[in-house]
Participant: 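Questions regarding the structure given below will be posed in turn.
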Amino acid sequence: MTLRIHDTLRRKKVVFEPLDPDHVRFYVCGPTVYDFAHIGNARPVVVFDVLARLLRHLYPRVTYVRNITDVEDKINDRAKQLGEDIRSLTERTARQFHEDMAALGALPPDIEPRATEHITEMIAIISALIANGHAYEADGHVLFDVPSMPDYGRLSGHSREELVAGARVEVAPYKQDPADFVLWKPSTPDLPGWESPWGRGRPGWHIECSAMSIKYLGRTFDIHGGGQDLIFPHHENEIAQSRCAHPDAGFAKYWMHNGYLMAEGEKMSKSLGNFYTVHELLEEFPGRGEAIRLVLLQTHYRQPLDFTKDGIVQAKATLDRFYLALREAAGIAAAAFEAPDVMAALSDDLNTPLAISHLHEALGALNKAATDKEKAAAKGRLLAGGALLGLVQQDPEAWLRGAAEASDTGDAGIESLIAQRNEARKSKDFETADRIRDDLSKAGIVLEDKPDGTTVWRRA
RNA sequence: GGUCCGGUGGCAGAGUGGUCAUGCGGAGGCCUGCAAAGCCUUUUACGUCGGUUCGAUUCCGGCCCGGACCUCCA
């Protein structure tokens, strides 16, 4: 099946042709670990998780690298503010990130390198840039010489002149050109630093991704992804550094970027207080990470997405329908199925909303299936399509029962009340039966009487 | 100022030059002791003004509205 992806560099959908059809390599910019991941950090993780799943179906071998940036001035500032050791802050934040992303059903990348473990590689690239005449040392800093690269700005579509003209930030006096950016900067004794040919210092923002992508994927690899906000300056500068250090190589062949996120109809911002972290959403919706994942995949990855809590509630209800049908079919073995419809949707630039509509079609087929054979086929179709999206793979009973909340009586208490109610139903005491059901309903428990006299339940 | 993206039915959200998105919600029905779930039927769209065309929501242009980026926010 032909995979088409939108390439930021060419600004259109193109056919994906791997450099090596036996081994696809891609890199996604990971988090800078100084704070909880917010929902905007989660979008690229979930989107590129789907890409990884798809690529693994299409190609024999895939290497997916996502870094952790654990040296950065925001980390230093946060550590100082908290009075916490830098290492402790980055470790703690990275661990939390892993937990949160796992809750969203994102599989870990194949390699997750850390910036602080690749200082040597960064220094090597910077040295090569100086040797090539693309970087210079000034006032303890090493800067990339932007005018030395004629096609700088291709990815973002900004010319150097535009960037200089639009600059909002004061230009540091040691820069030869206002567009030049820092590769290496000096560190004071209280800040993290490493010995280098230019004295004790620390890396600039962009160099770590160049160093780590090249180390694990080679000087030329297939796909580089990230959020749209990284196009400039981060990815633009990554390209500049990487290609000028290795003029013979191409760096990333395709660039993919996910769209922005809003929250509750407004631009996410800390001042508006609508900056949802994944952690707090999981606290409010315990065990419902998959609903958050569904919200993120219900909108095409390049479209702007307005993230709302109501959206999570809706997505949870949608997943209930899927798991309700799967619970009904629990005794039926799923037939092997390849989900060509979901595959086709995803192969067209990750059209996850269309793919999800095919999941709904499979759900309809499962609900309408009259025979076990039809049920097995529909269930197989649903699960196979869901696997590509990382959806509907949980145990239906576990999902539907959810996590017990403080307000309810717990699973055993619920079972006991249901038994009481069924006794009442048998003796036609519907008043008592309905009272028990109403009480449970108020506690968020929904009952469903089956034709054979049994009753199943779920947490709303 | 420059560059770029988007505006689809009550809501969410795909897609297409001329029969259907899909889901939620609403209405009616079947089923049920009543519900719940499921099934069936049904309801309403393509910002605006022009152009191209036999025909445009889909292509082109203007305008309006919203958003993003222009040196370190995914």
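All chains are named by letter (A, B, ...) in the order of the sequence lines, taking the proteins before the strands, and each is independently numbered beginning at 1.
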Participant: Tell me whether the ring of A:Tyr260 lies stacked over the B:rA68 base, given a 5.5 Å limit on centroids and a 30° limit on the plane angle.
Facilitator: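 Per 5.5 Å and 30° rule: no stacking.
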Participant: Does A:Lys368 have a side-chain nitrogen or oxygen under 4.0 Å from the phosphate oxygens OP1 or OP2 of B:rC40?
Facilitator: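 Yes, within the criterion.
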Participant: Under 4.0 Å between a side-chain N/O of A:Asn351 and OP1 or OP2 of B:rG15, yes or no?
Facilitator: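 Yes.
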Participant: Using salt bridge (charged side-chain N to carboxylate O under 4.0 Å, His left out) as the criterion, point out the one residue from A:Arg92, A:Arg78, A:Lys74 that pairs with A:Asp35.
Facilitator: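 Looking at A:Arg92, A:Arg78, A:Lys74, the match for A:Asp35 under the salt bridge (charged side-chain N to carboxylate O under 4.0 Å, His left out) is A:Arg78.
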Participant: Here's a test of your reading of the structure: between A:Lys428 and A:Arg458, which maps to the more 5' nucleotide of RNA chain B?
Facilitator: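 The residue whose closest nucleotide sits nearer the 5' end is A:Lys428.
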Participant: How do A:Leu305 and A:Asp434 order along RNA chain B: which one's closest nucleotide is nearer the 5' end?
Facilitator: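 Comparing both residues, the 5'-ward one is A:Leu305.
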Participant: Could you state the atom-to-atom distance from NE2 of A:His158 to C1' of B:rG2 in whole Å?
Facilitator: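 About 9 Å, once rounded to whole Å.
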Participant: Rounded to whole angstroms, how far apart are NE2 on A:His300 and P on B:rU16?
Facilitator: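 Distance, rounded to whole Å: 12 Å.
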Participant: Between A:Thr308 and A:Glu264, does any side-chain donor sit less than 3.5 Å from a side-chain acceptor?
Facilitator: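 There is no such pair between these side chains.
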Participant: Does the side chain of A:Arg425 get closer than 4.0 angstrom to OP1 or OP2 of B:rC34 through an N or O atom?
Facilitator: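 The answer is no; no side-chain N or O of A:Arg425 sits under 4.0 Å from OP1 or OP2.
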Participant: Please check the phosphate of B:rG13 (OP1 and OP2 only) for any side-chain N or O of A:Thr299 closer than 4.0 Å.
Facilitator: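 The answer is yes; a side-chain N or O of A:Thr299 sits under 4.0 Å from OP1 or OP2.
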Participant: To the nearest angstrom, how far is A:Asn422 atom CG from B:rA36 atom C1'?
Facilitator: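 It is 13 Å, rounded to the nearest whole Å.
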Participant: Could you tell me if A:Glu361 and A:His358 have a donor-acceptor pair between their side chains, going purely by distance under 3.5 Å?
Facilitator: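 Yes - a donor-acceptor pair under 3.5 Å links their side chains.
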Participant: Give the rounded distance in Å between these two atoms: CG of A:Leu155 and P of B:rC4.
Facilitator: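 These atoms are roughly 14 Å apart.
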Participant: Can the ring centroids of A:Phe221 and A:Tyr216 be said to lie less than 6.0 angstrom from one another?
Facilitator: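 Here the rings of A:Tyr216 and A:Phe221 have centres that are no less than 6.0 Å from each other.
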Participant: Just call it for A:Asp229: base, sugar-phosphate, or nothing, with non-hydrogen atoms closer than 4.0 Å on any strand.
Facilitator: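 Contact class for A:Asp229: base.
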Participant: Between A:Arg321 and B:rG38, is there a side-chain N or O to OP1/OP2 distance below 4.0 Å?
Facilitator: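 Answer yes for this pair, as a side-chain N or O of A:Arg321 is under 4.0 Å from OP1 or OP2.
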Participant: When rounded to the nearest Å, what value does the distance between P atoms of B:rG47 and B:rC69 take?
Facilitator: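 Pairwise P distance, B:rG47 against B:rC69, rounds to 25 Å.
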Participant: If only side-chain N and O atoms of A:Asn367 are considered, is one of them under 4.0 Å from the OP1 or OP2 phosphate oxygen of B:rC39?
Facilitator: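 So the side-chain polar atoms of A:Asn367 do come within 4.0 Å of the phosphate oxygens OP1 or OP2 of B:rC39, strictly under.
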Participant: Quick one about A:Tyr323 and A:Asp395 (side-chain donor to acceptor, distance below 3.5 Å, no hydrogens or angles considered), yes or no?
Facilitator: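 Looking only at side-chain atoms, A:Tyr323 and A:Asp395 do not form any donor-acceptor pair under 3.5 Å.
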Participant: When the C1' atoms of B:rC20 and B:rU57 are compared, how many Å lie between them, rounded to an integer?
Facilitator: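 Between the two C1' atoms, the distance is 16 Å.
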Participant: Which side-chain N or O atoms in residues 222-229 of chain A pair as donor and acceptor under 3.5 Å with protein atoms at least two apart or in another chain?
Facilitator:
residue	atom	partner	partner atom	Å
A:Asp222	OD1	A:Leu19	N	2.8
A:Asp222	OD2	A:Arg25	N	2.9
A:His224	NE2	A:His235	NE2	3.4

Participant: Provide the Watson-Crick or G-U wobble partner of B:rU42, both distances under 3.5 Å; none if there is no partner.
Facilitator: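 Pair assignment: B:rU42 / B:rG26.
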Participant: Answer with base, sugar-phosphate or nothing: what part of the nucleic acid does A:Phe232 contact at a heavy-atom distance below 4.0 Å?
Facilitator: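 Since only primed, P, OP1 and OP2 atoms lie under 4.0 Å of A:Phe232, the category is sugar-phosphate.
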Participant: What interatomic distance, in whole Å, is found between P of B:rG67 and the corresponding atom of B:rC24?
Facilitator: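 The same atom, P, in both gives a distance of 31 Å.
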Participant: For the P atoms, the ones on B:rA37 and on B:rA27, what distance do you get once it is rounded to whole angstrom?
Facilitator: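 14 Å, rounded to whole Å.
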Participant: Quiz question: going by heavy-atom distance under 3.5 Å, is there a donor-acceptor pair between the base of B:rC5 and the side chain of A:Arg302?
Facilitator: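 There is none.
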Participant: Considering only side-chain heavy atoms of A:Glu72, which listed nucleotide, B:rC34, B:rA14, B:rC73, is closest?
Facilitator: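 The closest nucleotide is B:rC73.
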Participant: What contact category does A:Asp180 fall into here, base, sugar-phosphate, or nothing, at under 4.0 angstrom with non-hydrogen atoms?
Facilitator: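 Base contact.
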Participant: Which of these passes ring-ring contact (aromatic ring centres under 6.0 Å, His included) with A:His38: A:Phe307, A:Phe275, A:Phe97?
Facilitator: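 Only one of A:Phe307, A:Phe275, A:Phe97 forms a ring-ring contact (aromatic ring centres under 6.0 Å, His included) with A:His38, namely A:Phe275.
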Participant: Starting the side chain at C-beta, find the nucleotide from B:rA74, B:rG23, B:rA36 nearest to A:Asn258.
Facilitator: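 Nearest nucleotide to the side chain: B:rA74.
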Participant: Heavy atoms within less than 4.0 Å of RNA chain B: which residues of residues 355-366 of chain A have one? Give them sorted by number.
Facilitator: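 The answer is A:Ser357, A:His360.
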Participant: Between B:rA45 and B:rU53, how far apart are the C1' atoms? Round to whole Å, please.
Facilitator: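 One C1' to the other, the span is 23 Å.
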Participant: Between A:His234 and A:Glu238, does any side-chain donor sit less than 3.5 Å from a side-chain acceptor?
Facilitator: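 Indeed, the side chains of A:His234 and A:Glu238 share at least one donor-acceptor pair under 3.5 Å.
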Participant: Name the residue from A:Asp434, A:Asp449, A:Thr432 that meets the side-chain hydrogen bond (donor to acceptor under 3.5 Å, both in side chains) definition with A:Arg421.
Facilitator: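 The single option meeting the side-chain hydrogen bond (donor to acceptor under 3.5 Å, both in side chains) with A:Arg421 is A:Asp449.
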Participant: How far does the C1' atom of B:rA56 sit from the matching atom of B:rG51, given to the nearest Å?
Facilitator: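 Their C1' atoms lie roughly 12 Å apart.
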Participant: Classify A:Lys450 by what it touches in the nucleic acid, base, sugar-phosphate, or nothing, heavy-atom distance under 4.0 Å.
Facilitator: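 Answer is nothing: A:Lys450 stays at 4.0 Å or more from every strand.
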Participant: Does one side chain, of A:Asp49 or A:Tyr64, offer a donor that lies under 3.5 Å from an acceptor on the other?
Facilitator: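 No donor-acceptor contact under 3.5 Å links the two side chains.
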Participant: Roughly how far apart, to the nearest Å, are B:rC49 and B:rC65 at atom C1'?
Facilitator: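 Pairwise C1' distance, B:rC49 against B:rC65, rounds to 15 Å.
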Participant: Is the closest side-chain heavy-atom distance between A:Leu3 and A:Asp348 below 4.5 Å?
Facilitator: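 No. Closest side-chain heavy atoms not under 4.5 Å.
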Participant: Between A:Glu72 and A:Asn76, do the side chains contain a donor N or O and an acceptor N or O under 3.5 Å apart?
Facilitator: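 The criterion, which ignores hydrogens and geometry beyond distance, is not satisfied for A:Glu72 and A:Asn76.
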Participant: Could you list by number each residue of residues 40-49 of chain A showing a heavy-atom separation from RNA chain B of less than 4.0 Å, or answer none if no residue does?
Facilitator: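 Hits under 4.0 Å, by residue number: A:Gly40, A:Asn41, A:Pro44.
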Participant: Using the C1' atom as the point on both nucleotides, what is the distance between B:rA68 and B:rA36, in whole Å?
Facilitator: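 To the nearest whole Å, 45 Å.
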Participant: My understanding is that a pair needs two contacts under 3.5 Å, Watson-Crick or G-U wobble. By that rule, which nucleotide pairs with B:rC34?
Facilitator: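 No nucleotide pairs with B:rC34.
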Participant: Across the strands shown, which category fits A:Glu328 at heavy-atom distances under 4.0 angstrom: base, sugar-phosphate, nothing?
Facilitator: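 Answer is nothing: A:Glu328 stays at 4.0 Å or more from every strand.
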Participant: Report the base-pairing partner of B:rG61 (Watson-Crick or G-U wobble, both distances below 3.5 angstrom), or none.
Facilitator: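 The answer is B:rC49, by the H-bond criterion.
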Participant: Any N or O donor-acceptor pair under 3.5 Å from the base of B:rC34 to the side chain of A:Asp449?
Facilitator: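 By the distance-only test, yes, there is a pair.
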Participant: Go ahead and name the base partner of B:rG66; Watson-Crick or wobble counts if both distances stay under 3.5 Å, otherwise write none.
Facilitator: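 By the stated definition (distances under 3.5 Å), B:rC5 pairs with B:rG66.
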